[in-house]
There are 2 protein chains.
Amino acid sequence: MNLENTKAQMRKGILEYCILALLSDKEAYASELIQTLKEARLLVVEGTIYPLLTRLKNDGLLNYRWEESTGGPPRKYYMITPLGKDFLKELAKTWVQLTQSVQKVTQTNQ
Amino acid sequence: MNLENTKAQMRKGILEYCILALLSDKEAYASELIQTLKEARLLVVEGTIYPLLTRLKNDGLLNYRWEESTGGPPRKYYMITPLGKDFLKELAKTWVQLTQSVQKVTQTNQ
DNA sequence: AAAAAGTACTATGCAATACATGGTACTGTT
DNA sequence: AACAGTACCATGTATTGCATAGTACTTTTT
């Protein structure tokens, strides 16, 4: 049992929600998302985010377009789809309910 | 991509926290924990909780004692250890930080 | 001009975990 | 004796975060 591992487990399933939320605000490419999440102390790495974006795109929650970069290779800018917005709404509800449940269960002690 | 699946993913890693929190309040056996979590709308099933309790026990965060039941087979009452309490404190911190991060990332939209 | 460094995307494999499923064992009721 | 209810346990599967390694393009350094 290791704390870092448990932290990683807690992050599971939340990334989808965070990424959809960020992209519902404005489109972005992968490295940009990593940077934003890092600033919010949500550590994410390339090996996590690229497969996740591909998954979300394959499921019709995201789309992307290529854009040339001033330096470096072209970027894939991801944007949320209407289906993605619907899904985001559900995830937001789920998240609120989950935090309430955890609150309820953990409040008795300390 | 399926909402129920994503909900399950969100629950991941939170169960450990919830169970330690419940057991820090008072000892309990598996079916009792399932019932309590159910009442908090945190759905858990046997196949999830038994391996989890065993894992926490093997890692020294929990202990148990057998107790005869008035009806049915004897029960394993689990209780938290000092190490478990330390771990719980860390998990509580982690959870607070995580919810803050999610808040930060998801607040811009809607 | 060639080499190095930086940026961005992609592919593969592993480990951890929630859950489905099926099974064992004990008690009390019919 | 058969059945239902309670409680615990074992095995296999799917999903997912992450480590690792690799490709491709551009700019800077030598």
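The basis for the numbers below is simple: all heavy atoms, side chains too, and nothing from hydrogens, waters or symmetry mates. Chain letters run A, B, ... following the sequence lines, proteins first and then strands; every chain starts at 1.
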Quiz prompt | Joint cluster assignment, A:L83 & A:F87, ILVMFWY side-chain distance < 4.5 Å | solution = yes
Quiz item: If we only count heavy atoms from C-beta on, is the B:Y78 to B:E27 side-chain gap below 4.5 Å?
Solution: no
What nitrogen or oxygen pairs link the protein and nucleotides 1-4 of chain D at under 3.5 Å?
none

Exercise. Please state how far atom CG in A:L56 lies from atom C1' in D:dT15, giving the value in whole angstrom units.
Key: 14 Å
Quick one: which protein N/O atoms are closer than 3.5 Å to N/O atoms of nucleotides 1-4 of chain C? Pair and distance per line, please.
none

Self-check item: Under 3.5 Å donor-acceptor, A:T94 side chain and B:K7 backbone
Solution: no
Quiz prompt | Of the listed nucleotides C:dA18, C:dT17, D:dT15, the one nearest the side chain of B:A8 | solution = C:dA18
Quiz item: What about A:Y17 and A:V45, same hydrophobic cluster or not, with Ile/Leu/Val/Met/Phe/Trp/Tyr joined at side-chain heavy-atom distances under 4.5 Å?
Solution: no
Quiz item: So do the side chains of A:L62 and A:L23 get within less than 4.5 Å of each other, counting heavy atoms only?
Solution: yes
Exercise. Report yes or no: do B:L52 and A:L98 belong to one cluster of Ile/Leu/Val/Met/Phe/Trp/Tyr joined by side chain heavy-atom distances under 4.5 Å?
Key: yes
Quiz item: For A:I34 and C:dG6, what is the distance between atoms CD1 and P respectively, to the nearest whole Å?
Solution: 17 Å
Quiz item: With respect to the side chain of A:N5, which nucleotide from D:dG17, C:dA16, C:dA18 is positioned closest?
Solution: C:dA16
Practice problem: Take atom NZ of B:K7 and atom P of C:dC19, then tell me their distance rounded to the nearest Å. | Solution: 12 Å
Quiz prompt | B:K12 NZ to D:dG17 C1', straight-line distance once rounded to whole Å | solution = 9 Å
Quiz item: For C:dA16, does either OP1 or OP2 sit under 4.0 Å from a side-chain N or O belonging to A:R11?
Solution: no
Quiz item: Between A:Y77 and A:Y64, is the ring centre distance below 6.0 Å?
Solution: no
Quiz item: Could you give the CG-to-P distance, from A:L53 to D:dT16, as a whole number of Å?
Solution: 14 Å
Please enumerate all protein N or O atoms sitting under 3.5 Å from an N or O of nucleotides 7-10 of chain D, with distances to 0.1 Å.
residue	atom	partner	partner atom	Å
D:dA7	OP1	B:Y29	OH	2.9
D:dA7	OP1	B:R75	NE	2.9
D:dA7	OP1	B:R75	NH2	2.6
D:dC8	OP1	B:K76	N	2.8
D:dC8	OP2	B:Y50	OH	2.6
D:dC8	O5'	B:Y50	OH	3.4
D:dC8	N4	B:E46	OE1	2.9
D:dC8	N4	B:E46	OE2	3.4
D:dC9	OP1	B:K76	NZ	2.5
D:dC9	OP2	B:K76	NZ	3.2

Quiz item: Once you round it to whole Å, what is the distance between P of D:dC18 and CD of A:E4?
Solution: 10 Å
Self-check item: B:L91 side chain reached by A:M10 side chain, heavy atoms, under 4.5 Å
Solution: yes
Quiz prompt | Length of the line joining B:L33:CG and C:dA18:P, which is rounded to integer Å | solution = 14 Å
Quiz item: Transitively linked via ILVMFWY side-chain contacts under 4.5 Å: B:L42 with B:L3?
Solution: yes
Quiz item: What is the distance from CE of A:M10 to C1' of C:dA18, rounded to the nearest Å?
Solution: 15 Å
Self-check item: Joint cluster assignment, B:M79 & A:V105, ILVMFWY side-chain distance < 4.5 Å
Solution: no
Quiz prompt | Validation row: B:I19, B:V44 side chains within 4.5 angstrom (heavy atoms) | solution = no
